[in-house]
Amino acid sequence: MPRILLRTSGPFASFLRSASQRESNATPTPYTWPCPMPFPEAFAADGRDFWKKRLINLSVARLSYEHLGRPPVCPGAVRLGVPLNRKQWQLVQNLQHLVFGSVFSFTFQPEDYGRIGHKIEGQAQTLEALGRAAASVCRSFDGYLPRSVTVAGPSTSGPSPVECVGTLPGKPDIAAMPITADRVKLPASPAFCAAPFMDFDTAEFFNRPLEFARNPDPASERPPFVKILANKQEKLLLLRALARSGRLVPLDRVPPERAAWGAGLFAVAKDSLRDRLVLDARPANQLESFPGHWVYSLASAACVGGIVLRPKEVLIMCGTDLQDCFYQFKASTQRTVRNHLACELSVQDAAFIFDRPAASFGYPTAAVHCGLSSLAMGDSSACEFAQCSHLGVLLQARAVCVGELLVQAAPPPRGLLSVGLVIDDLIIMQKLLASQLSAPDGPPRQTDASLRLDAALAGYDAAHLRYSEKKTFRDRLQAVRGGTAQTILRLSPELKGELASFVCLGHLAVVDLRAQPLDSIIATDASSGWQAAVSAPVSSEVVAEFQRHSVQRGAWSKLLPPPAAWLKEHNLLEAESELPGDMVFTAHPVAVAAARVPEFEVRWRREHKRRMHINVAELEAYLHEESRLAGRVRSGRPLFGLDSQVCIGALAKGRSASPILNRKLRASLAPLLCSRLFPHYLYFPTDLNPADDPTRARAVREPSMLKPSWWTALEDGDTAPFDEFLRGVGEFEDAPRSFQQDDLFSLGGVRPAVLKSNRERGLSAAPARVPRRRLPSGSLVPVCFEPCKSGPFSGAAAHPQAWTSVLERFPVRQFVCKRTCSLDLSRPGALHLYGGADSVARALLRFGAPWVLTFDPQRDPREDLAQSGLQQQLQLLILAGAFLVVGGSPPGSTFSRAVRPPVRSRAQPLGLCDISPFLRAKVLADNARAKWILHLRGLCRQLGIAYWFSQPDTSFFWLVPGWENESFPASSQTFRADLCQFGCLWRKRTRVALNSALAGARLLCQAKVRHLRLIGRSSAERLPWTSVAQTVPAGFADAVALAACASARWTSARALDPSACAKLGCSCRVGEAKNPGPRRRSARPCGDLESRPLQSQSSLFLGDSAWNSFVYWVSCRLSVDPVSVFVACPILAAMALRAYGNHLFSSGGSKHTFRYTLVGAQRALLVLMGSLGPAWELLTRWEAVEPTIHRTPVPEPLLMAMVSVGWLRGFRRWCGCALLAFYGTARIGEVLACQRKHLVLPEDLFKHCSSIFLRLDSSKTSMRGRPRVQHVRVDDPQALALIRLAFSGLEPGEKLFPLSHAAFRTRWDRCLAALGLGQGVNLTPGGLRGGGAVACYHKGTPIADIQWRLRLKNMATLEHYLQEVSALTALSEASNDAKSNIQHAVQVFPFLVASG
């Protein structure tokens, strides 16, 4: 390997060649890194036995190369022959321990590669063939070939990593192979019934997949192409073998919509003698979207890295493997239909396959379908089913207990036993002392892991699952489990260097399980000028527990933009804005305790040598401390706290999207790997990070929290109080919900009796609600409610006279009650604080509250609840029993985390010390309000009154002393919801403290979408977005009000009753409707939607006529049916239409005809949609050659003159229509189709109005994304007066213009002739709309208003009216007599109204 690397080109090869040059008279360096290669003798000519030393030399050279920043030349102080100092020899010993340890495989057999063995063998053969060919070429051209060639690609982004230099003959080595029936070994018939071992939802989907799948749309969806990859003989032999083993059955019926969505089959190599059969179920997979849950319980190699072995402890392993796991499943009838094969068998083939008479399959010409009756590899949910049922078998056999499962991205089990399951592979690991191992010459010792394995094997036998005896092992200290053309590529030097880095460092990707947690917590931070690190002594037992709850998932990160970086430097950046997308790290309660309880001291503090980005400074501070720790600790698991989400995401993921952060991470590999450090990370918010103080020239803060009792118990080795604390905190909901250990209780469909509530065991009168795991975390289970006539104060204990006289003193405007009922203050009602008559108050009325007393300071200053007298009055009313529900959303701007500069912090929720007097007054006012709300909550709890108080989820309101039980994210006394779940564009997570049925419920957003951020102002509402978001959505209000009313017994929870779903009046019973009979539905036109086109009949006629002409033209030139050819090949239709367009152009046809031909073609053959690009491009050329000629707009003076002539001639309704079309910018055809009932005059509105409106029931643009019903408006006062005179006396059903369109044109021409304008002026009624738009433009009307008046969707259409025709003048060619006539007629226009 060293020779290969030295012969290549690239920066690392150049560095390695210079590092291999010996230095004479060199002395050891005083630092640890970079380090010279430790074994110069390994590169001697006769050093064949020094392969281990060569490997260490290459590893050290590569780490030095990365640490130095990838220079092309190695410094002389670290070249070969330079002696190592004591620290450097120590790290070399660490490297040797990591690389070789106690187990190192020297040779590998094909079976060691498992399922990829066939591919590896094929690649090895290919490389051998290339090697032989290269050797032959080198012998022929000895001395003439360069050692390397640098390939510069044509890409502008840099050199290409590879260059294609040739191809190899033959087929490529791909995994999918044709099926050979003899190589597919099928076990005995499937006997494993999986449903009893699954949870309810998974079992339902396993047994009835067709009910969960969507039906494909035959018009728009086509299944992927699949087939049985075998010749006919092998296919029949394979199908017969499947049928004889009980895995293939004939199907009586396949749903017609799924007949074309069958599955194929192909084979992949399993070993030298057997192939594995794979079901190509891509068609059926596309129709399903079942969310995976149990696949998140898969174990992985990273899970084992969290296991810590104490001194003198060893890890033993037991395991086994299910044999042909998927083949052992018995499939239901629906799953067999779902996995039907994409082949139709003849009756003779079916008789051969199923060993049945041909007559049993029906008619001789019938097609027989068949389906797999077992689970198959290729089913998208096969792994989900196998993992779920396998876990169920192990759980019922007591081979695994809750809390012992190794799960990816989760802390390992705390106990001695750890169980990992990956589909069909089971491994059981146990930690025990080395002295407990059986002596080699003594009797074998039965370990707990071996007992668990015996229980698992017994469970397999009971469930009829077969396992492999050969792959079963016990009490082992070591366990080993097993493009389309072949293109020859020349690798670039850069890519060779990357591959060389894997060769040199890949063997260092190991975990030392004996590395112990350190007895300290370290925090680092950086500001704009300083970096610092602090540490606190903490018991190693506590650190070990905290590491189990450290950051498990990384995140893509990049450098913050300059504005955000400035905010981060000054502690003003919101946590949600640090990482791209919606990813955000939130402080775990364990991290909060780790930052506030210990007493930290400064480890070091240094000033920046130069100005750098805040993220780079924070990462550099951490890496500096990590490097210092690596020089002091030979092996360990340190626990770090950082407040930079960018750094935590990059460190946990191992890489970043920022090149400069990646360079820093690469340079830190040397001290990290060679010190055997395995760090863990906790996210500290900036206001809790103790390392922030030294970077700002402040003393390290004192502990802000007393040491909890569970912390002391952890120091003594007792984890029970800590577990109780975590259960009280609940699931950390900011981490993604995937799999929890308690989910194992749902397997088998029955919950253990010890976990059942009184309702589930039948000890409660209320019926039990069965939990459904598949509902999203925090989702609400709907409950039906019915009215309840009595409440807790309806008996003799209630004294209405105690509160009625006090309530009557409040103004009536503060009470909200039903309009149909009078205000009855003798019944207890609800108190709604700070909300007024908002959606919550109205919802309380809907769900049974007799009345609601509201307070809104914005409505009246006397309703300000900051007045102590008003507070005492309300407290007395609560004590007297006047309210059964109390709630509200108290304001408090200073509690918001968005306040800048900040006035509160997590450590000081009651207010910072160094704020201005003005802000101090606001903080004290909000504190007093929060204290009073806390007092009201205590009263409600004492009296059994339903209460609810809501605030934003991240508000400092919940950190005020007294709200400790509600401050945790998973508190059972709060309801948390994202308002986007109720139809809002913003998320705005809200927390509600309450004691109703909603307590403990969650309705959080799980979608990966970007919400509207409440920043800036709303252009529609003309308010800040934060003010807009203060409106409570109706769904949220209904949920809170419904739960509160149920607690007040205004409604009561019960099982679903269909009669309760009816909308009843106050005194109606079921069957007694207020308005008898069902609601009448509007008459639906007969026929289907295909008979309801979006185009007008004239457009349809023109399109069909043009299409028929084109088909006739093509048929004369083809000998086959052109339509069938166009359906099979749409691009051929495009070329034919293009030729037809050229024919029309050359023969004098119209562009209008060609456009309708294209539209008619797309309407006649839907497959042509999107394929007629060449034909439309030809139409664009035609439009460039013959530009469209627009109608000349009618000038406003000419219209006034024509109206004057027509009015005096008695054409009043004609004049009114012309005025409506011109000043309303409407199409003249739209106006002529309207009746009097469509016209809204000022007198029709019963109030003074300076406009006239004309409703258009149908318009040209009503089917083009515009409103179906539109209107026009006329604001000109003179035109308005004339229109009122023309149409005010008409009946509603009379048309505005009673004659035909031709009659309107005749009067138009007569008026033009009367003014002296003959045929030389091309003015038509179609120019009225354009003339009105130009007139508006000349008057200075904004462009947006003109677009609105014209009812145009796109601004481009408006350009035709303004850019092209605004400067046209229709009267330039008129005679002088005509111009004089127009001037005189215009002068008459203002006096037409007086004529009556």
Per ring pair (Phe, Tyr, Trp, His ring centres under 6.0 Å), His832 is matched among Trp948, Phe855, Tyr947 by Trp948
Among side-chain atoms of [X] and [Y], is any donor-acceptor pair under 3.5 angstrom?
X      : Y      : result
Thr990 : Ser950 : no
Thr854 : Arg859 : yes
Arg596 : Ser704 : yes
Thr894 : Asp926 : yes

- Indicate the ring-plane relationship of Phe883 and Trp851, choosing parallel, tilted or perpendicular according to the 30° and 60° boundaries. perpendicular
Parallel, tilted or perpendicular, judged at 30° and 60°: which one describes the rings of His549 and His588?
tilted
Does [X] reach the main-chain N or O of [Y] with its side chain, forming a donor-acceptor pair under 3.5 Å?
X      : Y       : answer
Asn965 : Thr974  : no
Asp978 : Cys1005 : yes
Ser955 : Pro952  : no

_Ring centres under 6.0 angstrom apart (Tyr834, Phe949)_ =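 Ring centres of Phe949 and Tyr834 not closer than 6.0 Å.
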- Query: Can we say Lys988 and Asp953 salt-bridge, meaning some charged N sits less than 4.0 Å from an Asp/Glu carboxylate O?
  - Reply: no
**Asked** With a 4.0 Å cut-off, would you call Glu966 and Arg976 a salt bridge?
**Response**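 The answer is no: the pair does not qualify as a salt bridge.
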Between Trp958 and the options Phe968, Trp963, Phe895, the side chain to side chain contact (heavy atoms under 4.5 Å, CB included) test singles out Trp963
